[in-house]
Amino acid sequence: MNKLNTLFSDKKKLLSIYFTAGFPELNSTAKILNELDNAGVDMIEIGIPFSDPLADGPVIQDSSERAIANGMNVSFLFEQLKNVNTKAPLILMGYFNSVMQFGVEKFCKQSKSVGVSGLIIPDLPIEVYLKEYKHVFQKYDLKNIFLISPQTSNERIKLIDKHSDAFIYAVSSSSTTGTKNGVNADKEKYFSRIKKMNLKNPVMIGFGISEKQSFNKACNYASGAIIGTAFIQSLKTKTHVTEFIKTIR
Amino acid sequence: MNYSVNKEGYYGSFGGAYIPEMLYPNIEEIKNNYQKIISSQKFKNEYNALLANYAGRPTPLYFAKRLSEKYKTNIYLKREDLLHTGAHKINNTLGQILIAKHLGKKRIIAETGAGQHGVATATVCALMGLQCIVYMGEVDIERQAPNVARMKMLGAKVVSTTSGSKTLKDATNEAIRDWINNATDTYYIIGSVVGPHPYPDLVAKLQSVISKEIKLQLRTKPNYVIACVGGGSNAAGAFYHFMNDKNVKLIAVEAAGKGIKSGHSAATMVLGKPGIIHGSKTMLMQNSDGQITEPYSISAGLDYPGVGPIHAHLFDTDRAKFVSITDAEALKAAYQLAKLEGIIPALESAHALAYLGKLKAKKNETVVVNLSGRGDKDLSTYIKHLPI
């Protein structure tokens with residue numbers, strides 16, 4: 001059974017944390033994963049650093065650049081993950097070129113073998129996924145997580161819902177990561193539109209969720225929320241992982 | 001063989017739209033409308049009038065007598081350098097600004113490397129009274145100061161890109177990020193046949209006026225058409241109406257920089273392999289982890305680590321021959337054209353000219369070189385390397 005399916009049947013107000021593999025130090029990946037797991041985080045997204053991260057704002061760009069300079073790459077990340085065993089499901093998030101160059105099948109196979117539950121590849125459109133890669137993802141029981149934004153039509157949301165089998169990642173506003181923080185009336189209007197659609201998949205809200213207030217607000221409309229940029233900022237200031245999580249819930 | 005884009009946005013196995021979901025509506029809006037818009041009589045009338053009266057089309061197809069004598073063949077230069085703003089880039093920006101207006105967009109963004117596309121975008125925004133924001137790498141801003149000044153004088157805001165390698169690819173990333181953050185009111189005028197579908201097709205169609213004119217101007221069929229390739233918009237335009245005629249040999253000239261094996265090169269077809277850049281699957285210079293490598297060329301318009309997917313397909317199917325020319329060879333060709341024909345070419349176009357020495361065309365053959373831009377912007381480089 002994929003950990004992601006049990007996660008959503010059990011709990012509400014799920015907290016998911018994103019961080020970039022290989023940041024701040026090449027070997028901090030396992031340590032951060034264990035600390036997040038011990039702090040009771042419900043799901044962890046591990047970012048694969050890429051030289052040209054189109055959907056990311058300055059903070060994650062900077063963490064990616066530093067991780068690459070530290071020597072992080074896909075095969076080394078899989079090596080690191082071999083020795084990690086978390087209660088929280090793990091999701092790998094990366095750009096398609098990294099996956100493509102590693103080899104899509106090999107990537108899926110290794111993801112499965114180190115216990116990864118799902119993948120988020122923001123620049124792999126659903127049409128290409130369905131046509132070329134769905135069978136590979138399924139072969140290794142990897143859930144593909146799709147993004148939606150306030151501009152995504154209801155029709156397309158329904159299409160994404162139909163082909164999702166874990167959760168849908170609702171980007172809180174049309175933005176790159178960490179650029180439009182907080183939850184305002186516009187965002188709440190969009191969240192409640194999604195909620196009213198009664199999708200078969202649970203929804204997690206991300207982008208612009210940075211602290212307790214925005215986390216709680218997002219949780220009113222979804223199964224939980226995802227914090228990335230703010231967590232990476234806290235790693236920069238050497239705030240202890242547990243301390244950061246305590247400020248959220 | 002089919003060289004047109006298919007319904008899914010691919011040229012063979014290259015192209016497509018590998019974009020984050022946040023951009024899907026923006027791209028769909030253009031995809032669903034561009035063909036209808038550019039084939040409408042209203043668009044054609046407006047576009048053709050602007051090309052003729054504002055940009056200066058048709059551009060001459062000039063028989064370069066002394067250059068022809070030198071290489072013992074018949075060489076024609078397609079004079080895109082005579083266009084307003086100094087290069088072929090205006091063919092594209094005039095077309096796209098009309099599309100932006102048609103779609104009711106108020107805010108225009110663009111990326112630029114050498115600044116030619118930035119200037120061409122700032123120009124059409126001034127012409128149409130639309131807000132213009134140009135993303136340009138910090139490194140390029142320093143080395144292309146006159147074009148930065150031109151954009152500012154034309155009323156554009158030039159935003160310095162400090163991410164990544166601070167050049168064209170990063171400026172393009174920033175423009176795409178801007179578009180994600182300003183999804184509804186903004187139109188992105190991309191400067192080459194790159195980016196997600198439908199941009200490569202749209203830009204190729206707007207630049208195709210180059211080969212349309214060559215066909216009309218040249219009484220005989222050319223044996224060769226030569227053009228330089230960075231992203232590849234001038235080459236796409238110069239090749240467009242000859243692609244299906246196998247008797248016309250297409251030669252695309254990439255920048256070898258300091259030499260293919262020097263580690264300072266932009267010869268994507270030689271050094272790259274298939275990958276994804278700026279939403280397109282194409283040939284791409286990258287390391288074994290898939291991190292995109294920073295290209296180098298003396299010419300800021302050619303140092304792009306990818307290439308338009310149409311060119312990846314022309315390369316893959318052997319329809320076009322891809323060759324590369326070093327900085328030194330390009331400089332030599334520029335000085336030669338100045339002395340023999342009284343024309344100072346852009347450094348980009350000088351790469352195409354430099355291949356004439358290697359082509360070995362026959363006496364009765366006809367060669368067309370697309371002179372994509374003029375050399376004013378490169379004067380400081382030319383002065384620095386002047387062979388006196």
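Every chain is numbered from 1 and lettered A, B, ... according to where its sequence line falls, protein lines coming before strand lines.
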Tell me, out of [options], who's got the most heavy-atom pairs with chain B below 4.5 Å.
options                      : answer
A:S51, A:S149, A:P49         : A:S51
A:E65, A:Q61, A:Q151, A:R156 : A:R156
A:I68, A:V74, A:V171         : A:I68
A:P125, A:S153, A:S173       : A:P125

Winner by heavy-atom pair count (cut-off under 4.5 Å) against chain A, out of B:M22, B:K273, B:H278, B:Q291: B:Q291
When B:T293, B:L284, B:I276 are compared by non-hydrogen pairs under 4.5 Å with chain A, the top option: B:I276
Polar side chain donor-acceptor pair, A:T177 to A:D56, under 3.5 angstrom: yes
Short side-chain donor-acceptor distance under 3.5 Å, A:Q110 and A:Y140: no
Given that the side chain runs from C-beta out, which part of [X] has a heavy atom under 4.5 Å from chain A: side chain, backbone, both or neither?
X      : value
B:E174 : side chain
B:S288 : backbone
B:I292 : both

Cation-pi geometry met for B:K281 and B:Y18 (6.0 Å, 45°): no
A:K200, NZ: over 12 other non-hydrogen atoms inside 6.0 angstrom: yes
Residues B:D303, B:R143: salt bridge by 4.0 Å N-O rule: yes
Salt-bridge contact A:K180-A:D186 (side-chain N to carboxylate O under 4.0 Å): no
